[in-house]
Visitor: 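Quick one: the structure is below, questions incoming.
For clarity, every value in this text was computed on a predicted model and none was experimentally measured.
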Amino acid sequence: MSTPYPFTAIVGQDDLRLGLLLNAVSPAVGGVLVRGEKGTAKSTAVRALAALMPEVAVVAGCRFSCDPGAPDPACPDGPHEAGAGVSRPARTVELPVGASEDRLVGALDIERALSEGVKAFEPGLLADAHRGILYVDEVNLLHDHLVDLLLDAAAMGASYVEREGVSVRHAARFLLVGTMNPEEGELRPQLLDRFGLTVEVAASRETDLRVEVVRRRLAYDDDPAGFAARWADEEAALRERIVAARALLPRVVLGDGVLRQIAATCAAFEVDGMRADIVMARTATALAAWAGRDEVVADDVRQAALLALPHRRRRNPFDAPGLDEDKLDEALQDAADGDGGDDDPDPDGPGGGVPPQGGGPDDGGTDTGGPDDGGTDAPGPEQNGSGDAPAPGGGAGEQQPVRAGEPFRTKMLSVPGLGEGAAGRRSRARTEHGRTTGSRRPEGALTKLHLAATVQAAAPHQRARGRTGRGLVVRRDDLRQATREGREGNLVLFLVDASGSMAARQRMSAVKGAVMSLLLDAYQRRDKVGLVTFRGKDAEVVLPPTSSVDAAAARLETLPTGGRTPLAAGLLKAHDVLRVERLRDPSRRALLVVVTDGRATGGVDPVALAARAGRLHASEGTASVVVDCESGIVRLGLAAQLARDLGGSAVTLDELRADSIAGLVKDITAAGRAA
């Protein structure tokens, strides 16, 4: 077994180390989520913590690590008699991102259950992690149903396996640690809330600290055992401090004044539900025990808030996590003074209204040239609604970026047909979870038994197999796998027109608001997203396909506009992106969302070129929808024609809203079938 990097040798990362140590003192805190860029010692710190955990006493031979002093009466390996057990180190169990449900919660031997009527249960990782650490690297990439199972077990302290009338329950209490890189996608707010604490980690920008990190890492790589030996005294001292804090924890007093501070702080930051209050109370108690005190003080509450509240304040994936420390201090002081901190929120603060940036209603611009006029589409001051000059150094016709309009709820856009992509919430697909639609012979290990089909396959052979009693004689080749239909996540590729014809301020603000709304929908449906824009002479991949929806939102906010409308170049660039993604992830189907007024300028016969590029997408069966951004009294209907070339459908910005788009999904599906 390799020698782990010593916990006490980690340089910096104070919040990370404190969050892990508090959970080691009090697992009831609820685990810790570590967010940060790659290469910031997230995994190293978690694995190093295992060496500090006190040994645990277990019942000899029990696969579920029962405590010999108080064995679980429902243990599948029980019942156990209370008495002396054996000691072993606390385990650190890692849950791989690609693990199956059976690997996580355990599996039943279906063949023995049917033929012998016995509960032959093979424990999973939750049983292995009982009374230890369960570590999930890249938890944001874990399938949602596995995260739900994991967090349910962590909250209840037990794992339940229910399958085909056979039920098994066992204890599952562990220190849950998840790490993630936000660039690869966020966790849903509901799942974020289930982690007790969260810490943000980043590499230090101080030269001396970075030098020390490299020096220690090189020394460890050269001689792991020797390096660990040099830190053995510090490790032993920290281990003893954890044991002492655990012993002190039950005697720590949480006074009414401190509870009022906790409640006032949670109310001031408008966190949902009561979990934050409970987590803060447990964290503050653990902080007092860690400091060797038997009473919680205001500083404990403040530190607990910094660890327990930032991830609970996010209302959507575009909100940056964090806590206003001045507001925190004010809430704590108000509670200490008996005020309760119920001041009205600042109407001009985050989330407050933003005045319109334009000087008047969008009249659709003054570009009256036809689609093949070869003009520049560069609007003058009267077109952008405010008289702003082009951004310095921005190039001819370029306008300063405008803010996105208010997001709204959209109806679901889906890809027609039945896919087999990654689990998600958008399009129909064959999945491991969902409603049962049929059965088939298993390919590899059986995961979901179709009981009726299995019995039907075994029934004709009972006499030949010498059946004499009431039990059904089942062979391996009788087993049938249930086929199920659920939902998959897709690749939603946004192709956004950023040319001069779109540059009127209020129009572009509305366009960005619509794309932001679709991005929020993609986040909720667990899609990958990509962003391609076209303006001037060419198209650009602003964001390659990624699971980080907030990265797409950030790119969109700073998107400049102006210049000609190379629509064909944009469609061809989108085609290249989709072609590469089909090679990388052939099972993930794509939905192309083109946001444009349909105009095409520049070059020879730009409209015909755009039509040919659109038909190229249609010939490959790419599902698409065109969001028609044309406005004003005179409309050319070019976006609708583009949608026909793409084999998709067109929808206006107004129709994109959830209450106005009832027939859109049917239109997309019908267009896909016709293609």
Visitor: Does this structure show an ion pair linking Arg426 with Asp521, if we count only N-O contacts that are shorter than 4.0 Å?
Guide: yes

Visitor: Between His575 and Glu620, which heavy-atom pair has the shortest distance, and what is it?
Guide: NE2-OE2, 2.9 Å

Visitor: Name all residues meeting the salt bridge (Lys or Arg N to Asp or Glu O under 4.0 Å) criterion together with Lys528; count only those two or more places apart in sequence or in a different chain, and write none if there are none.
Guide: Glu581

Visitor: Indicate whether the side chain of Asp497 and that of Ser499 have a donor and an acceptor atom separated by less than 3.5 Å.
Guide: yes

Visitor: Could I get the full list of side chain to side chain contact (heavy atoms under 4.5 Å, CB included) partners for Ile278, not counting sequence neighbours?
Guide: Arg282

Visitor: Is any side-chain heavy atom of Arg582 closer than 4.5 Å to one of Thr622?
Guide: yes

Visitor: Strictly below 4.0 Å, N to O, side chains only: are Glu488 and Arg589 in salt-bridge contact?
Guide: yes

Visitor: Suppose we screen for side chain to side chain contact (heavy atoms under 4.5 Å, CB included). Which residues come up paired with Asp585, at least two apart in sequence or across chains?
Guide: Ser587, Arg588

Visitor: Does any N or O in the side chain of Lys537 come within less than 3.5 Å of the main-chain N or O of Gly602, such that one atom is a donor and the other an acceptor?
Guide: no

Visitor: Step by step, work out the side-chain contact (heavy atoms from CB on, under 4.5 Å) result for Leu591 and Asp527.
Guide: CA-CA 10 Å; Leu591 174 64; Asp527 295 316; over 6 Å; no

Visitor: Verify whether one side chain among Ser427 and Asn490 offers a donor that lies under 3.5 Å from an acceptor in the other.
Guide: yes

Visitor: Hey, mind stepping through Glu485 and Arg430 against salt bridge (charged side-chain N to carboxylate O under 4.0 Å, His left out) and telling me if it holds?
Guide: CA-CA 5 Å; Glu485 182 178 312; Arg430 298 183 185 90; over 6 Å; no

Visitor: When you measure from the side chain of Arg584 to the backbone of Val580, do you find a donor-acceptor pair of N or O atoms at a distance under 3.5 Å?
Guide: no

Visitor: Report yes or no: is the cationic atom of Lys327 (NZ for Lys, CZ for Arg) under 6.0 Å from the centre of the six-membered ring of Phe269, at an angle within 45° of the ring normal?
Guide: yes

Visitor: Compare every heavy atom of Gly598 with every heavy atom of Leu567, then report the nearest pair and how far apart it is.
Guide: CD2-O, 3.9 Å

Visitor: Would you sort out whether Leu592 and His617 count as a side-chain contact (heavy atoms from CB on, under 4.5 Å), showing the intermediate values?
Guide: CA-CA 9 Å; Leu592 176 64; His617 283 278; 3.9 Å; yes

Visitor: Is a donor from one side chain sitting under 3.5 angstrom from an acceptor on the other, for Arg525 and Ser414?
Guide: no

Visitor: If you look at every heavy atom in Val651 and Leu656, which pair is closest and at what distance?
Guide: CG2-N, 3.7 Å

Visitor: State whether the side chain of Ser517 and the backbone N or O of Gly513 hold a donor-acceptor pair below 3.5 Å, judged by distance alone.
Guide: yes

